[in-house]
Amino acid sequence: MPTLSSRMNCVANFFTYETTKSVVVKSWTIGVINRAVQLLIVSYFIGWVFLHEKAYQVRDTAIESSVVTKVKGFGKYANQVMDVVDYVTPPQGTSVFVIITKQIVTENQMQGFCPESEARYRCRSDSECQKLISATGSVSSAGILTGRCVKYNQTLHTCEIQGWCPAEVDTVDVPIMLEAENFTLFIKNSIRFPLFNFEKGNLLPDLTVQDIRRCHFHPISQPFCPILRLGDIVKFAGQDFTNLASTGGVVGIKIGWVCDLDQSWDRCVPSYSFTRLDSVSQKNSISRGYNFRYAKYYRHGNGTEYRTLMKAFGIRFDVLVYGNAGKFNIIPTLINAVAAFTSVGVGTVLCDIILLNFLKGAEQYKAKKFEEVTEVNLPPAVSTSPVYRSSQTLGGRSEEKQSTDSGAYSIGL
Amino acid sequence: MPTLSSRMNCVANFFTYETTKSVVVKSWTIGVINRAVQLLIVSYFIGWVFLHEKAYQVRDTAIESSVVTKVKGFGKYANQVMDVVDYVTPPQGTSVFVIITKQIVTENQMQGFCPESEARYRCRSDSECQKLISATGSVSSAGILTGRCVKYNQTLHTCEIQGWCPAEVDTVDVPIMLEAENFTLFIKNSIRFPLFNFEKGNLLPDLTVQDIRRCHFHPISQPFCPILRLGDIVKFAGQDFTNLASTGGVVGIKIGWVCDLDQSWDRCVPSYSFTRLDSVSQKNSISRGYNFRYAKYYRHGNGTEYRTLMKAFGIRFDVLVYGNAGKFNIIPTLINAVAAFTSVGVGTVLCDIILLNFLKGAEQYKAKKFEEVTEVNLPPAVSTSPVYRSSQTLGGRSEEKQSTDSGAYSIGL
Amino acid sequence: MPTLSSRMNCVANFFTYETTKSVVVKSWTIGVINRAVQLLIVSYFIGWVFLHEKAYQVRDTAIESSVVTKVKGFGKYANQVMDVVDYVTPPQGTSVFVIITKQIVTENQMQGFCPESEARYRCRSDSECQKLISATGSVSSAGILTGRCVKYNQTLHTCEIQGWCPAEVDTVDVPIMLEAENFTLFIKNSIRFPLFNFEKGNLLPDLTVQDIRRCHFHPISQPFCPILRLGDIVKFAGQDFTNLASTGGVVGIKIGWVCDLDQSWDRCVPSYSFTRLDSVSQKNSISRGYNFRYAKYYRHGNGTEYRTLMKAFGIRFDVLVYGNAGKFNIIPTLINAVAAFTSVGVGTVLCDIILLNFLKGAEQYKAKKFEEVTEVNLPPAVSTSPVYRSSQTLGGRSEEKQSTDSGAYSIGL
C-alpha cells in the first residue's frame, strides 16, 4: 500500500513540465538564415494561407440553387411567325433548354409502306434489297426493310420500308432562323448557403423595373443585368452565331457565387461566364453539332394517326450554378494558427543542415548539439540512491564522447 | 578503399538513435498549466476530431442517387376534371417536375394577322404604329408588328401583328386549382455509396404495403413515409399554399443521407427537409413567382394547324438528394492519431512563454534551458582525441555563458 | 535612451539560432528500431502520399461536362413500327431519357361520366358508392366519384366517376418491345477542367468514321467506342433485359474521367461503368420498376378534345459524368514535403517509449535525456556576473538530480 508521501510524490511527479534543452548559436550567418527562413514561413502563412486562402473561415460548398429561365423574341421560319412556345423546348423554363434555330420538317407521316429516301438503298430488283437485308440487317435509316424494291420517283427505285411514311429526307439544305440572335434570355437564379442560412438572388436590389426592361448583360458595363442576348452569349463563348445555329451546339452559362460573408451583403454578387460545352463537336468530323428529332401527333377524322416529324437543330443552353461561401469561425482559425506555429519549427531542419555541415566550426556545433551515450559504457547495475546516481552520472560524463554524428541532418559526414 | 572496421563503424554510426535532451521542470504552477493544456488538446482531439468529426473514418461523398416521383390526385379546373397527365409536366416522373395550379388558356390560335391585345399598343392611325416600330422595334408582346392600325373591338383600335392569332390576354384573373393542396407525391429514392458498395432506398423494410397506402409524411410522427401531401410540403417550406399556387414558385425537397456505416444498417435513414428555392421571387417585385407557356397543337381536317396556348402557373418541385457515409479505416485513424500526438507538443509553446517570462525564477529556467555557443569562443582547431575533446568541452563549458535569450518564446525581455 | 552598443547587442541577440540539444544513443537495438520506423514513415510518404495519392499535384474536381445522346433502332409494337421519336422521351437528347419498352394504351378518352374500371369499386346500389365516398373520400383511381352506381358491362355495376372516360384498365398483360435490346445509344460527352483549361471528348482522335459506324462498346475489346447496345448496358449493370423492360427501371451509365495531366494528353481517357440506380425496386415488393403516364391530345372536327392515354413502362438511362484531374504544382509539393519531414520526427515518440521503458539500461538513458530543475533548489537571487553564473551553474549542477521522469513518454514508471 503506498504511503501518503509516496502518493504525494507520485502526484508531484505527474505535475511536471518537460521542455527541450536548446543550444543557442550566436552566429550572424546562421542567425540571419534562421530568421529569414522563419520570416518566409510566417509570410507564407499570413499571406497565402490566411489572407489568400482565408483559412480563418469555415466554408460552405453545398450551394442550393434554383434557376428559372424565360426566353423572349419572335422569329420567322417557313412562312410562320415562331414564338417562344414554338422554338423553346422543353417549355418549363428549367436550367437546360434548347432554342431551335433550324428545322427539317416532314409532314403527314403515317404508318405504312413506302420507298426509302437514302441513296444507298437504291435498287433494281427485290433480290438486291433481300441481299442488303442479309448483309446489314433489316433496319434501314427510316424503317424496317420489307425486301421489296419499289418506285421512289420517276427515275429511281429504292428498297421498300415499313414505318412512318413518307421517309424523311434530311439531306436538304434549310435556312436558319436568323432572328434568334436577338432573342433575349432572362435568368432568375436564387441561391442559398445552408450552413450560414444566407440567401441571395441574381436580381440585385439596385436593379429597378426600368433597368430590367431595357438592360442587356455585358461583362463590363452591365455585369449584373439578368437579361442576356443570345447573340452575345454565343459571342462571349467564342463562337460564331450563324455557324452554331446551323450545326447546333451546347453552350454553358455559368453563374459563380464565390462569397466572403465576413464582408457586407452587397459584395456577394454573381459572376457570369460562358463556354461552349460540346467542344468535342468542333474538332471532330464524326459528329458535328447538336440536333434531335421530335414529332407532333394528329388524328384524321376517321381516327387514323399521322404526325409531323421535325429534325431540329438548335443551341442547347445549360445554366450551371457553382459557388461557395466563407465566414469567420474560431475552429479553423485556431487549427491553422497552430499549424503556422508548428511549421515555423520546420525551418530548423534546413538551418541544422547548414549549421552542422557547411558553417565554419561545424564540428564544434556538433559537439555542442549532440551528446553521445553508448550501450557499452553503461554501468552493469542501476542504483536508485541519489548519491550513487550523481557519481554515476559524473562517471558517465567523463567517459562520454562528444558525438559528431548529426543524425538525420548531417549529410555526407 | 575503406577498411572493414571503418565500414563497420559507418554502419554503426548509421544505426543510432537521436532524441532531444529535455529539461524537466518540477514546478507545480507550470506543471499544472502543462498538463491542463495537454488535457485540453487531447480532449479536443478525442471529443471533436475523433468523436464528433469521426476522423477515424474514410468518407464517401460521391453519393449515387436515383429519384422516381409519382403524383396522385384529381382536380377540377375550367369545368374539366384534371388528372396527373393534365397537370404534371414533364410526365416522366423525374426529380424535377411542375404541378400546374393555374392556367390562362387561349384557344384556337392560328398563324395570321390580328390586333395586339395589350393596352400600350392602342392606336388611332397606321402612322402611330409605324412610329412605335421605329421607336421600339417591330416585336410586340404577341407577334411582329405590321405597322397597320386595326379594330380590336367595338371601341378600341390597336396595332396589327403577324403571328399566332388571336393574341393572348394574360391580364385576366383566373382561379387556382384548390384541390392541388391535397395531391400526394410519392418519392422513390435509391442511393448508393460506391466506395463501400452500400445500397439503400427510402422505402424502409418496416414499411408495409398498408402503411404506404395510408401514411402521409410528417417530420415527427411519420418521418420515413415516402408519401407527401403537397400542402404539407409547402407548409414545411414556410409558404402559404394559396399564395404560392397563385404566383407559382420553386420548392426544394431535400433528402439527406448522412450515414455512419460502422453502425447497423438500420440506422442509415433518410431525412427530409423543405425549402423555397426561388426566394428571390418573394422579395423582389420585378419577377414574382414561376410561370411558363406551352401549347397543344392540332390540325383541322383541311390540314391547317391551330393550337391552344396555355400560360401555366405552378409549383416546381426539385427533389435534391445529398449525403455522405463514413466507415472505419486504418489510414485516416493513424494519420489523425499522429496529428493528435504531435499537437500535444504544441502546448509547449505556450508553457515556454509562461515559464521563461512570467514565472518566478524565469532567469534560472532560461539558464537551464538554453546553452549558448558563440562564433568567437570556438577554439581554432578541432582535435579528434577524446582526451582533448573532454578538456575542450570542459574548457568550453567554463567559458560558456548561460544564455538568457529565449529565442522566439521570450517576449519583451 | 539605448546606447549604440546596447542596440547592436539587441540586434545580435535577435539574429541567433536556437536548435535542440540532442542525445545520440549508440545502441544497435534502438538504432535499428529508429531507422526502421523512419524508413516506414518515409516509405509511407513516398509510396502512398506522393506516388499513390499524387500529393505533389493540385487537383481540379469541378469538372464541366456536356452530354448529348442519340438512340437508334426500330421496334414493332401494337402493329406499328416505332421509331426513336415514338419511344424516346424527352426527345432532346439530354443525359436523362427513357426508352419506352411497354405501353398500356387507352384510346379516345373524353371528359365525361363513366363507370370505374377497378374491381374494388363494384357496387349494387348508389348508397354503396355514397358509403364509399364518406369512408375514403370522393377520389377514385380514375376520377371523382359521383356517388351513383352504373352499369360497367353486361354483368357488372361499378361506381360512376367524372373525369377522362372510359377509365383506364391497367391490369391487362401487354407484351414488351423486344427489339429494344438491339437499339444502340450514341453518347457524345465533352468535358473540361476549368482550372487547367483542359478539354477533351469521348470521341477519341483514333476513332475513324468507319469505327464509329460499326463498333459496339465492350469493356475489354472496345472500351472507347461511344456506341452502346441497350442490351449490353443492361447486362453490364447485372440485370436481365426482359425483366427490366417489363417492370421498368433506372440504369446509370457512369463516365469517369480521372486524369493525370502530367502524363501525355492521350492517356486521359474515359472509363464507362454501369449500375442499376433504383436498386430499391428490386428488393421491395411495394413499388416495383418504373412507369409513368402521358397522353397525346387531339380535337374532333367540332372542337371537343379527346386524348390517348398511355401508361408507359420503360428503362430510364441516366448518364452521369464524374472526374478529376491533377497536375504538378509547387505549393502542394512543398506542403507535403514539409509534412513528410515533420512526420519522420513522430517516430521519436515510439522510440522514446521503448528506450526509456523497455531497453536494458533504461534508467541511464533517462538520466541522460532528462535534466531536472525544481522550484525549491533555485537560488534566491540572480546575478548577471559570468563568474557567479558559472559557479551558480556548477552549484546548481551539484544539487541537480537526474530526473527519472520521462514525461508523457514513460509509461507505468
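Numbers restart at 1 for each chain; the letters A, B, ... are given by sequence-line order, proteins then strands.
- If you look at C/Phe74 and C/Phe183, their ring centroids are not closer than 6.0 Å.
- Aromatic ring orientation, C/Tyr306 versus C/His300: parallel (interplanar angle below 30°, classes split at 30° and 60°).
- A side-chain donor-acceptor contact under 3.5 Å links C/Thr69 to the backbone of C/Thr94.
- Between chain A and the options C/Ser22, C/Gly201, C/Pro91, the largest number of non-hydrogen pairs under 4.5 Å is found for C/Ser22.
- There is no contact between C/Glu179 and chain A, counting heavy-atom distances below 4.5 Å.
- The contact between A/Tyr44 and chain C is made entirely by side chain atoms (from C-beta outward), counting heavy-atom distances below 4.5 Å.
- Neither the backbone nor the side chain of C/Ile30 comes within contact range of chain A, judged by heavy atoms closer than 4.5 Å.
- Between chain A and the residues C/Ser66, C/Gly73, C/Gly93, the largest count of heavy-atom pairs under 4.5 Å involves C/Ser66.
- When heavy atoms are compared at a cutoff of 4.5 Å, C/Val67 approaches chain A solely by way of its backbone atoms N, CA, C and O.
- Both the backbone and the side chain of A/Val32 have a heavy atom closer than 4.5 Å to some heavy atom of chain C.
- Considering only heavy-atom pairs separated by less than 4.5 Å from chain C, the leading option among A/Asn291, A/Asp318, A/Val96 is A/Asn291.
- Looking at A/Ser141, the atoms closer than 4.5 Å to chain C (heavy atoms on both sides) all sit in the backbone: N, CA, C or O.
- With a threshold of 4.5 angstrom between heavy atoms, A/Tyr298 approaches chain C through N, CA, C or O but not through any side-chain atom.
- Not a single donor-acceptor pair under 3.5 Å links the side chain of A/Gln109 to the backbone N or O of A/Leu309.
- A donor and an acceptor atom, one from each side chain of A/Asp352 and C/Tyr17, are located under 3.5 Å apart.
- Looking at A/Leu355, the atoms closer than 4.5 Å to chain C (heavy atoms on both sides) all sit in the side chain, from C-beta outward.
- Heavy atoms of C/Thr308 lying under 4.5 Å from chain A belong exclusively to its side chain.
- In this structure, A/Arg35 forms a cation-pi arrangement with C/Phe14, its terminal cationic atom sitting closer than 6.0 Å to the ring centre and no more than 45° off the ring axis.
- Note: A/Arg299 leads A/Met310, A/Arg299, A/Arg316, A/Gln162 in heavy-atom pairs under 4.5 Å with chain C.
- Looking at C/Val23, both its backbone and its side chain come within 4.5 Å of chain A, counting heavy atoms on both sides.
- The side-chain tip of C/Lys296 points at the ring of A/Tyr297 from less than 6.0 angstrom away and within 45° of straight on.
- At distances below 3.5 Å, at least one donor-acceptor pair connects side-chain atoms of A/Asn34 with backbone N or O atoms of C/Thr16.
- A donor-acceptor contact shorter than 3.5 Å links the side chain of A/Ser140 to the backbone of A/Ala142.
- Using a 4.5 Å cut-off between heavy atoms, C/Asp86 touches chain A through backbone and side chain atoms alike.
- The most heavy-atom pairs under 4.5 Å with chain C, out of A/Thr89, A/Thr20, A/Val98, come from A/Thr89.
- The backbone N or O of C/Asn202 lies less than 3.5 Å from no partner atom in the side chain of C/Asn189, so there is not a single donor-acceptor pair.
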